[in-house]
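In this text the structure is predicted, and so the values were computed from the model without any measurement. Reminder, nothing fancy here: chain letters follow the sequence lines and each chain counts from 1.
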There are 2 protein chains.
Amino acid sequence: MWMANETHIRDLINRLARLDSAQGWTGDLNPTQLAMLSYLGQANRFSKSPSHVAEYLGTTRGTATQSLKSLQQKGYVAERRSEVDKRVISYELTVTGREMSRSPAPLQAAVSSLSTKERQTFHQLLQSALLDVLARNKGREFGLCKNCQHHQESNKGPYCALLDVELTRDEADQICYEQVSG
Amino acid sequence: MWMANETHIRDLINRLARLDSAQGWTGDLNPTQLAMLSYLGQANRFSKSPSHVAEYLGTTRGTATQSLKSLQQKGYVAERRSEVDKRVISYELTVTGREMSRSPAPLQAAVSSLSTKERQTFHQLLQSALLDVLARNKGREFGLCKNCQHHQESNKGPYCALLDVELTRDEADQICYEQVSG
DNA sequence: ACTATTAATAGCGACTCGAAACTATTGCAA
DNA sequence: TTGCAATAGTTTCGAGTCGCTATTAATAGT
């Protein structure tokens with residue numbers, strides 16, 4: 001038996017992600033594009049701009065712009081400019097894009113062979129590591145809307161106190177840029 | 001409380017790797033080069049060729065060649081041709097390369113804030129997922145020499161029955177391409 | 001109105017990626 | 001021994017990411 005040290009865990013995470021990505025190259029999307037597609041499929045309507053995508057994935061706005069344009073050209077996303085702030089663009093998944101974002105990967109299959117208990121532990125450990133890294137980078141959490149300080153339950157349903165808008169049940173389960181756990 | 005499903009775990013792994021990589025861009029190395037450097041720092045003398053690097057990282061020989069040449073030009077690795085098989089090249093870390101490969105990353109810091117028990121569990125879960133993915137891809141394990149079927153303890157020290165060579169203590173702790181767990 | 005800030009974009013050079021073609025060396029078998 | 005297949009490494013191609021540095025447009029603050 002040997003010590004599971006920090007370097008080994010880091011290497012495992014990187015290798016897993018890399019092998020998973022390597023599979024993702026098949027098809028006409030590369031790993032970055034696939035990750036963006038997946039993010040857009042989970043994000044709420046306030047969190048689908050190039051800036052949000054860039055911050056979530058730890059890349060630059062420049063790359064986000066290019067990748068999203070590429071996705072748009074391939075027909076997986078459609079752009080929509082905001083009426084309120086004309087600088088803001090929101091990228092919505094098309095039907096094709098939604099299908100693509102749900103295609104299974106080898107890593108998912110591997111994870112599903114774990115027991116429920118193991119999965120929960122795994123998720124918790126990854127989440128913990130992620131929050132730690134984000135704190136160090138001053139990055140945003142991008143947690144779920146319903147796990148947010150500003151999330152409230154009014155008599156009409158879910159409500160966001162920060163943006164002062166009513167939400168659908170689905171939206172409460174989505175990723176939000178503004179999410180602050182508390 | 002909600003279910004920790006496969007997709008979320010996959011996304012967490014990918015995001016962690018991505019944020020970790022994003023930091024890796026600082027300096028004159030990119031994430032792939034850094035990963036290769038890290039691998040070479042842990043691999044034994046039989047596992048340092050472009051092919052091995054490519055297979056470990058799930059990329060192609062072409063990319064491995066280019067990246068290693070780039071690392072060589074920057075002075076982090078040195079190439080050495082094998083006497084036995086003149087096709088084979090082995091890339092050794094230089095002193096500068098060894099320093100660079102040990103520079104800490106935010107993800108390592110995050111992992112080290114976990115308890116020893118958590119780290120062990122984390123490591124085990126990641127290892128399990130990795131073996132599963134590798135099995136699906138028919139990929140090699142690249143485990144440690146000393147955890148191998150062919151590893152033996154002779155009166156002179158560690159010994160590899162497959163390659164019929166004697167090993168140093170250090171080498172038994174290194175990554176080996178030929179490793180088969182048993 | 002002037003200014004600072006913010007969102008998105010464009011261009012540059014270095015690089016990764018898959019894929020395919022290519023060279024050199026080795027191994028096997030007739 | 002000669003011939004051929006397999007293997008190790010390289011090269012080239014086009015598409016695309018990445019950090020970086022402008023640049024444009026819209027918004028916010030004074």
Side-chain angles (χ1 to χ4, degrees), chain A residues 14 17-37 39 46-74 76-77 79-91 137 177-178, chain B residues 14 17-37 39 46-74 76-77 79-91 137 177-178:
Chain A
N14 281 325
R18 205 170 268 277
L19 292 175
D20 188 51
S21 296
Q23 289 300 101
W25 273 105
T26 60
D28 60 343
L29 297 184
N30 63 44
T32 298
Q33 291 170 350
L34 203 58
M36 290 186 180
L37 208 60
Y39 169 75
F46 314 112
S47 314
K48 292 174 191 279
S49 74
S51 298
H52 296 144
V53 171
E55 194 173 345
Y56 180 79
L57 293 177
T59 183
T60 59
R61 290 193 297 281
T63 299
T65 294
Q66 289 181 348
S67 303
L68 291 170
K69 291 285 176 200
S70 169
L71 283 173
Q72 184 180 17
Q73 201 173 353
K74 290 173 188 167
Y76 296 118
V77 301
E79 89 174 50
R80 212 194 46 194
R81 295 207 97 93
S82 165
E83 298 296 322
V84 186
D85 186 336
K86 285 173 188 166
R87 293 171 304 181
V88 173
I89 294 186
S90 205
Y91 282 92
N137 294 5
Y177 171 74
E178 301 287 0
Chain B
N14 280 325
R18 205 169 268 277
L19 292 175
D20 188 52
S21 296
Q23 288 300 101
W25 274 105
T26 59
D28 59 344
L29 297 184
N30 64 43
T32 298
Q33 290 170 350
L34 204 58
M36 290 185 181
L37 208 60
Y39 169 76
F46 314 111
S47 314
K48 292 174 191 279
S49 75
S51 297
H52 296 144
V53 171
E55 195 174 343
Y56 181 79
L57 294 176
T59 183
T60 58
R61 291 195 301 277
T63 299
T65 294
Q66 288 181 348
S67 303
L68 290 169
K69 292 286 177 200
S70 169
L71 282 173
Q72 184 181 18
Q73 202 173 352
K74 289 174 186 167
Y76 295 118
V77 301
E79 88 174 49
R80 213 195 45 193
R81 295 206 99 93
S82 164
E83 297 296 322
V84 186
D85 185 336
K86 285 173 188 166
R87 295 171 303 181
V88 173
I89 294 186
S90 206
Y91 281 92
N137 295 4
Y177 171 74
E178 301 287 0

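Remark: A:Tyr76 pairs with A:Asp28 by the side-chain hydrogen bond (donor to acceptor under 3.5 Å, both in side chains) rule, at least two apart or across chains. In this structure A:Phe46 satisfies the ring-ring contact (aromatic ring centres under 6.0 Å, His included) test with no other residue, sequence neighbours excluded.
Here the closest heavy-atom approach between residue B:Glu79 and residue B:Lys69 is recorded as OE1-NZ, 3.1 Å. The two residues B:Thr65 and B:Pro50 come nearest to each other via the heavy atoms OG1-CB, 4.3 Å. In plain terms, the two heavy atoms of B:Arg61 and B:Ser51 that are nearest each other are CD-OG, 3.4 Å.
Distance from the side chain of A:Ser70 is smallest for D:dG16 among the nucleotides D:dG16, C:dT9, D:dG19.
In this structure, the OH atom of B:Tyr91 is 15 Å from the P atom of D:dA8, given to the nearest Å. What separates CD of A:Gln66 from C1' of C:dC15 is a distance of 14 Å, to the nearest Å. If you measure from atom CG of B:Asn14 to atom P of D:dT17, you get 16 Å, rounded to the nearest angstrom. What separates CD of B:Gln72 from P of C:dA14 is a distance of 18 Å, to the nearest Å. Going from atom CD of B:Glu55 over to atom P of D:dA8 covers 10 Å, rounded to whole Å. The nearest whole Å value for the distance from the CE atom in A:Met36 to the P atom in C:dA8 is 13 Å. Straight-line distance from the CG atom of B:Leu34 to the P atom of C:dT16: 12 Å, rounded to whole Å. Distance B:Gln73 CD to C:dA14 P: 10 Å, rounded to the nearest Å.
Within a 6.0 Å radius of CZ in A:Arg80, other residues, nucleotides and ligands contribute 12 heavy atoms or fewer.
The phosphate of C:dT16 (OP1 or OP2) has a side-chain N or O of B:Ser67 nearer than 4.0 angstrom. Not one side-chain nitrogen or oxygen of B:Lys86 sits closer than 4.0 Å to the OP1 or OP2 atom of D:dA8. An OP1 or OP2 oxygen of D:dT17 is reached within less than 4.0 angstrom by a side-chain nitrogen or oxygen of A:Gln33. Within the structure, a side-chain polar atom (N or O) of B:Asn30 is placed less than 4.0 Å from OP1 or OP2 of C:dT16. Close to D:dT17, at under 4.0 Å from its OP1 or OP2, lies no side-chain N or O of A:Thr59. Remark: B:Arg81 is not in phosphate contact with C:dA24, judged by side-chain N or O atoms under 4.0 Å from OP1 or OP2. For C:dC15, one of the phosphate oxygens OP1 or OP2 lies less than 4.0 angstrom from a side-chain nitrogen or oxygen of B:Lys74. Phosphate contact (OP1/OP2 of C:dA10, side-chain N/O of A:Thr65, threshold under 4.0 Å): absent.
Residue A:Val84 is classed as a sugar-phosphate contact, given heavy-atom separations below 4.0 Å to backbone atoms only. As judged by a 4.0 angstrom heavy-atom cut-off over every strand, B:Thr63 is placed among the base-contacting residues.
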What do the steps show when you test B:Glu55 against B:Tyr177 for side-chain contact (heavy atoms from CB on, under 4.5 Å), and what is the final call? CA-CA 9 Å; B:Glu55 195 174 343; B:Tyr177 171 74; 3.1 Å; yes

Using the 3.5 Å cut-off, write out each protein N or O paired with an N or O of nucleotides 2-7 of chain C and the distance between them.
unit_1 : atom_1 : unit_2  : atom_2 : d
C:dT6  : O2     : A:Arg87 : NH1    : 2.6

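In this structure, B:Gln66 contributes its side chain and B:Thr63 its backbone to no donor-acceptor pair below 3.5 Å.
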